[in-house]
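Values in this document were obtained by computation on a predicted structure and should not be read as measured data. Nothing fancy with the numbering, it's 1 onward along the sequence.
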Amino acid sequence: MLKTALKPRWIAGLILALVLSAAFVLLSQWQFGRSSQAETPTDPAIERVKPLTQTLKPGDFFHGSVADQMVSASGDYDAAKQVLVKDRLLNGQKGYWVVTPLKVDGAPVLKGAGASTVTYIPVARGWISDPGQATAPPSGKIQLEGRLVPSEAPIVDKTPEANVVSTLSVAELINRWGVSSYPGFVGASSEISDGAQVGANDSTALKPLHLKAQPAGDSVNWLNLFYALEWIVFAGFALFIWWRLVKDDYQRELEEREDETLDSQGTAAAALTMDEKN
């Protein structure tokens, strides 16, 4: 079969098959590249501070379009309801988030059983390394700015501690506090009272969280991925067709040789018969 494959026409056919296969592989790479593309970059508008009351409504679902939005709100902290969220990392060190509910000025008041007369939002005010470092939140009217973040999922705490929770689950905090709340929380970046900054500071035990917008992930376009695999199949099929044509040509040569051998044998037998008769 090698002798058949080395015929000029099949060498030319092999070159053509290799060229087609290479083209199909390049097309496959192109489709594969398009199948995995970064999602739309983060909208820079989320860094422009918007009023919380115009961004999200209490009692509503937390819409993905407002996740990581910088917001502002004013109100008073309820120090009696302050909790700590454990197992939070800051610069590789494990500690606690200090979370205090803020009574939001101008927020809609929910109706129905269990609704409170004012609406709150949990505020992650900062990070501490030890529960003993937690102090009361600033009193009086607070002008808050921070990043709006969706609620975390609740986790069953097998070793519960007083005023310490495992996750910043708004639903869990609502049940704990017995109040109406927005369906998310704010990671504070600025807390101002009477014109002075009263929030977390790198020089105090309460460290700033510096929450950043979540980076855009990658999405997979399954149709393009299917096309990429399809082009790979085509590349293999081009080489298979060449191999099949060479094999068929080889089989024809074998059949022709067998026919020639049979014809020669038949002629020889006929000649031998004639000689015997004579």
Side-chain angles (χ1 to χ4, degrees), residues 1-48 61-70 87 89-92 147-153 155 167 184 187 210-275:
M1 187 169 172
L2 178 60
K3 185 177 179 180
T4 303
L6 291 176
K7 290 181 178 179
R9 62 171 178 170
W10 293 127
I11 292 177
L14 177 59
I15 294 173
L16 177 60
L18 290 174
V19 170
L20 289 175
S21 295
F24 293 154
V25 169
L26 291 176
L27 288 170
S28 175
Q29 290 179 336
W30 174 69
Q31 288 287 2
F32 186 77
R34 294 194 57 182
S35 71
S36 180
Q37 295 180 336
E39 294 177 354
T40 303
T42 303
D43 188 350
I46 67 174
E47 300 299 331
R48 293 194 289 268
F61 293 105
F62 192 102
H63 301 282
S65 58
V66 301
D68 296 328
Q69 176 66 51
M70 292 295 293
D87 298 333
L89 295 176
L90 182 67
N91 298 326
R147 196 171 298 282
L148 184 61
V149 183
S151 171
E152 298 177 354
I155 296 177
T167 63
H210 300 301
L211 296 184
K212 303 296 184 181
Q214 293 298 308
D218 290 337
S219 61
V220 176
N221 186 320
W222 293 103
L223 183 59
N224 287 111
L225 186 59
F226 172 77
Y227 287 152
L229 296 175
E230 194 175 54
W231 285 119
I232 292 293
V233 173
F234 288 162
F237 191 67
L239 294 174
F240 171 77
I241 289 295
W242 173 84
W243 173 82
R244 185 66 189 182
L245 291 175
V246 172
K247 182 180 179 181
D248 289 345
D249 190 23
Y250 176 68
Q251 292 292 341
R252 283 194 298 270
E253 289 179 354
L254 291 179
E255 291 174 358
E256 289 174 357
R257 290 173 187 170
E258 289 178 358
D259 290 342
E260 290 176 356
T261 300
L262 291 175
D263 289 343
S264 299
Q265 292 176 349
T267 303
L272 181 59
T273 303
M274 290 293 295
D275 291 341

Visitor: Quick one: CG on Leu245 to CZ on Arg9, what's the gap to the nearest 0.5 Å?
Guide: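 It is 9.0 Å, given to the nearest 0.5 Å.
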Visitor: Over all heavy atoms of both residues, which pair between Ala213 and Ile46 is shortest? Give the atoms and the distance, please.
Guide: CB-CD1, 3.6 Å
Visitor: How are the rings of Trp231 and Phe234 set relative to one another: parallel (under 30°), tilted (30 to 60°) or perpendicular (over 60°)?
Guide: perpendicular
Visitor: What pair of heavy atoms forms the shortest contact from Lys7 to Asp249, and how long is it?
Guide: NZ-OD2, 3.4 Å
Visitor: With a sphere of 6.0 Å drawn around CZ of Phe62, does it hold more than 12 non-hydrogen atoms of other residues, nucleotides or ligands?
Guide: yes
Visitor: Can you give me the closest heavy-atom contact between Thr167 and Ile155, atom names plus distance?
Guide: CG2-CD1, 3.4 Å
Visitor: Of all the heavy-atom pairs spanning Trp10 and Trp242, show the shortest one and how long it is.
Guide: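 Result for this residue pair: O-NE1, 2.7 Å.
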Visitor: Compile the donor-acceptor pairs under 3.5 Å between side chains in residues 11-30 and protein atoms, sequence neighbours left out, one pair per line.
Guide:
{"unit_1": "Ser21", "atom_1": "OG", "unit_2": "Ala17", "atom_2": "O", "d": "2.9"}
{"unit_1": "Ser21", "atom_1": "OG", "unit_2": "Ala235", "atom_2": "O", "d": "2.9"}
{"unit_1": "Ser28", "atom_1": "OG", "unit_2": "Ala228", "atom_2": "O", "d": "2.7"}

Visitor: Taking 4.0 angstrom as the limit, do Asp248 and Arg244 come out as a salt bridge?
Guide: yes
Visitor: Is the closest basic N to carboxylate O distance between Glu47 and Lys212 below 4.0 Å?
Guide: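 Looking at Lys212 together with Glu47, the answer is no, because their closest N to O distance does not fall below 4.0 Å.
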